[in-house]
Amino acid sequence: MRFSANAEAAPDAGGCEQRAPHRFLVSALMGRARSAPPPAAHSSEPPDISRIKRETLALHPYVATGLEERGCPLFAPPEAKRFVDGALFFLPGSDGAGDEDYGEVDEVSCLDATPIEIMTPVRPLEASQARKLQYMRSRSDKVDADFSPCMELKVNIRSDDFFDPKHCLPSGGLKPRRPTPHMTASELLNGLKLSDKSDEYVFEGLINGWGAYSNLVLQSIIIRRRAVGRYKESVLWAAGEGKPLPSALQLARGAHAVFMAPAWTAIGWAPDSPGFVWWYTDMPGEPRLLFGESMQRELDHDDEEFALAIATDVHAFAHRYAKQAETFRDANTWHTGLLIEWSHRQFCTVVEVGFMHGVSGYGGKSNWFADKNDPNPILYQVMPESLKKPYDERLSEVRLTNVRMKDKDEFFEKWLLKYSNLGDMPPELHRFFDPTIFTSGQIRIRDCTPSQIAVFCLNYISRAGEYGLMTANCQTFAADFYGFLTGTQGVAPFSKFLRAGYQQRTMSFLYRPTYTEKPLA
């Protein structure tokens, strides 16, 4: 069966969700290896594995954080690969789960649980990274486990009299919640406090209004100056050097600050609930947003009618995003998702993948809520502060939303059709172009409850967390999950442009993430 077998209902078109330019996370290269890398020519002396782990943790996000000396019980998915001292290496601990699915493809070797293997150096360590490594080495026995290793956040520093209509409000203040956060020089200097535990400066307030960016450690301040027809960056201030903070005058032009976020932000939105999956529900009880591994426990403790509900049917839908003036790219950009029906017949659940923080980074605006265009939609009100970050177009999150429709017919007529160019609403209220439910099937997972659906999504996103316009996106997830739930082989993405390189991965839904295991010895 082809996932897009209904050619009339599912026109062949390319693309997936519209992608916005990435601007804020740095020092991350995501990838999934299907075979162990070949050994490279290097010294015959055995590599110092503990040093490599320690230095890599200091340098790069989305890597293992389970070293005993850090006291952190979590470590990241095995698909991450990183640079260290100019060499690319693959993390140990991959179980290979999900790399071979039902024998639907030819035999493919997996990344096994092997020691770290050093490859041929790709690029030398940059001067700024070398300084950071030296600093992290000097403080390796002092750091708080919550802040080591860390993720980087770049924040642009504006002069106190800065005004640009693109970046400022009519009142003169800086616009809040920008993709690349910004703040004035005085705001930065006045908000930094010297930590009681170490010699670190911590910014205690919110950075640019983003709820997730508070109590971050300042790592460095970089200035940018024009030199001989080009810009040159230099370190004005760095943590651990013992220098006083610069003055506001020194930060007047072309500066940015680099902050460090807690280690657990690499694998989730809370230290005790890793996993980039969230689920909105207002049934039963008050509206709430569940996320991460704790979803399973909370869903199991719902009223019995809902906690023990069985997923009965799944339907795949597709639509283009409504645009006032549709470009060629817009006309060939299709979003796909799944609608799950439940045995209680009180509501359905929309399941979809999008790039990381694609909803929270846009003020909680979701097409599945009637109040999408309100200044403060209900989804944003119930969303924990730790989810409120700028979008990251390289990574994925799974979103589940309960909608008050009992089956696919009601969902199509009262929502997809209503808010589309095929309905009666004025054009300015359209959300979808040419929506269609293009295939349906019975769920064959025995007694599949809400908590099981959540666990399947958590398992999957830990192994397929990257987002790629032509490789891993909403269409590939919908094909994978539909095939898994219905037990269907040969499922393909909606768009013919994605089918050539697509490989069905259903086993990825079955096995728990490696961050739930014990730390590395």
Side-chain angles (χ1 to χ4, degrees), residues 15-25 153-156 165-169 173-182 206-214 265 268-269 276-280 287-291 319-327 329-330 333-337 350-403 415-416 419-420 428-433 461 465 467-469 473-474 477:
C16 185
E17 287 191 324
Q18 192 75 22
R19 305 286 298 284
H22 164 70
R23 291 181 182 149
F24 96 98
L25 279 179
L153 171 68
K154 174 183 174 181
V155 179
N156 287 331
K166 181 179 179 181
H167 301 287
C168 299
L169 300 169
L174 297 179
K175 289 183 178 180
R177 297 185 297 278
R178 306 304 290 165
T180 300
H182 58 179
L206 296 183
I207 294 179
N208 197 210
W210 289 110
Y213 293 152
S214 63
T265 58
W269 292 302
F276 292 112
V277 180
W278 58 257
W279 193 329
Y280 171 87
R288 55 187 172 142
L289 190 140
L290 313 177
F291 65 90
H319 64 79
R320 302 197 312 279
Y321 290 106
K323 304 284 185 178
Q324 289 185 350
E326 198 173 28
T327 65
R329 178 175 178 175
D330 296 333
T333 297
W334 291 83
H335 176 67
T336 62
V350 174
V351 189
E352 59 186 344
V353 149
F355 54 78
M356 187 76 73
H357 308 127
V359 173
S360 59
Y362 286 98
K365 298 183 182 300
S366 168
N367 281 330
W368 313 119
F369 291 77
D371 66 346
K372 170 188 175 182
N373 295 320
D374 289 357
N376 190 24
I378 185 64
L379 177 59
Y380 204 65
Q381 294 178 37
V382 301
M383 186 174 289
E385 292 298 307
S386 60
L387 273 75
K388 297 176 181 179
K389 299 181 181 182
Y391 57 79
D392 183 352
E393 63 165 3
R394 301 163 308 163
L395 303 176
S396 296
E397 66 184 13
V398 180
R399 309 163 188 161
L400 299 98
T401 307
N402 289 348
V403 292
W415 201 265
L416 288 180
Y419 286 101
S420 77
E428 60 270 18
L429 297 180
H430 290 168
R431 302 182 183 185
F432 317 112
F433 278 173
I461 204 65
Y467 193 103
L469 185 62
N473 49 43
C474 61
F477 169 79

Quick one: does Trp210's side chain have a donor or acceptor within less than 3.5 Å of a partner on Pro176's backbone?
no
Does one side chain, of Asp330 or Thr333, offer a donor that lies under 3.5 Å from an acceptor on the other?
no
Are Trp368 and Glu352 linked by a side-chain donor-acceptor pair shorter than 3.5 Å?
yes
Taking the side chain as everything from C-beta on, heavy atoms only, tell me whether Thr336 gets closer than 4.5 Å to Phe477.
no
Please step through side-chain contact (heavy atoms from CB on, under 4.5 Å) for the pair Glu397 and Trp269, ending with a clear verdict.
CA-CA 11 Å; Glu397 66 184 13; Trp269 292 302; 3.4 Å; yes
According to side-chain contact (heavy atoms from CB on, under 4.5 Å), who are the partners of Pro287, at least two apart in sequence or on a separate chain?
Tyr280, Asp282, Ile378, Val382
Asp374: what forms a side-chain contact (heavy atoms from CB on, under 4.5 Å) with it, not counting sequence neighbours?
Asp371
Asn473 versus Gly468, closest heavy-atom pair with distance
ND2-O, 3.1 Å
Applying side-chain contact (heavy atoms from CB on, under 4.5 Å) to Phe355 and Arg394, what does each step give before you reach the verdict?
CA-CA 7 Å; Phe355 54 78; Arg394 301 163 308 163; over 6 Å; no
Do we get Lys388 above Tyr380's six-membered ring, with its NZ or CZ under 6.0 Å from the centre and within 45° of the axis?
yes
Minimal non-hydrogen separation, Pro377 against Gly364, with atom names:
CG-O, 3.6 Å
For Phe291 and Leu387, run side-chain contact (heavy atoms from CB on, under 4.5 Å): C-alpha distance rounded to whole Å, both residues' side-chain angles, the deciding distance at 0.1 Å, then the answer.
CA-CA 9 Å; Phe291 65 90; Leu387 273 75; 4.0 Å; yes
Closest heavy-atom pair, Thr265 versus Phe276, reported as atoms and distance to 0.1 Å, is O-CZ, 3.8 Å
Specify the closest pair of heavy atoms between Asn208 and Pro181, including all atoms of both residues, with the distance to one decimal.
OD1-CA, 3.5 Å
Donor-acceptor pair, distance only, cut-off 3.5 Å: does the side chain of His430 make one with the backbone of Tyr419?
no
CD of Glu385 to OG of Ser214, rounded to nearest 0.5 Å, is 8.5 Å
Please report the shortest heavy-atom distance between Cys474 and Tyr467, naming the atom on each side.
N-OH, 4.2 Å
Given Leu153 and Tyr213, is the side-chain contact (heavy atoms from CB on, under 4.5 Å) satisfied, shown in steps?
CA-CA 9 Å; Leu153 171 68; Tyr213 293 152; 3.7 Å; yes
Residue list, ring-ring contact (aromatic ring centres under 6.0 Å, His included) with His319, at least two apart or on another chain
Tyr321, His335, Phe432
Could you grab the distance from atom NE2 of His182 to atom CZ of Arg177, nearest 0.5 Å is fine?
11.0 Å
Run the salt bridge (Lys or Arg N to Asp or Glu O under 4.0 Å) test against Arg320 and tell me which residues pass, sequence neighbours left out.
Glu326, Asp434
Sorted by chain and residue number, the side chain to side chain donor-acceptor pair (under 3.5 Å) partners of Trp415 (sequence neighbours excluded) come out as none
Do other residues, nucleotides or ligands put more than 12 heavy atoms under 6.0 Å from Gln324 CD?
no
From Arg431 CZ over to Asn367 CG, what is the distance, rounded to the nearest 0.5 angstrom?
5.5 Å
Please examine the side chains of Thr180 and Pro390, heavy atoms only from C-beta on, and report whether any two atoms are closer than 4.5 Å.
no
Are the side chain of Gln381 and the backbone of Asn376 linked by a donor-acceptor contact shorter than 3.5 Å?
yes
Atom of Arg329, atom of Leu469 and distance for their closest heavy-atom approach
NH2-CD2, 4.0 Å
How long is the gap from CE on Met356 to CG on Asp392, to the nearest 0.5 Å?
6.5 Å
Which residues pass the salt bridge (Lys or Arg N to Asp or Glu O under 4.0 Å) test with Lys372, not counting sequence neighbours?
none
Could you tell me the separation between the CG atom of Asn373 and the NZ atom of Lys365, rounded to the nearest 0.5 Å?
6.0 Å
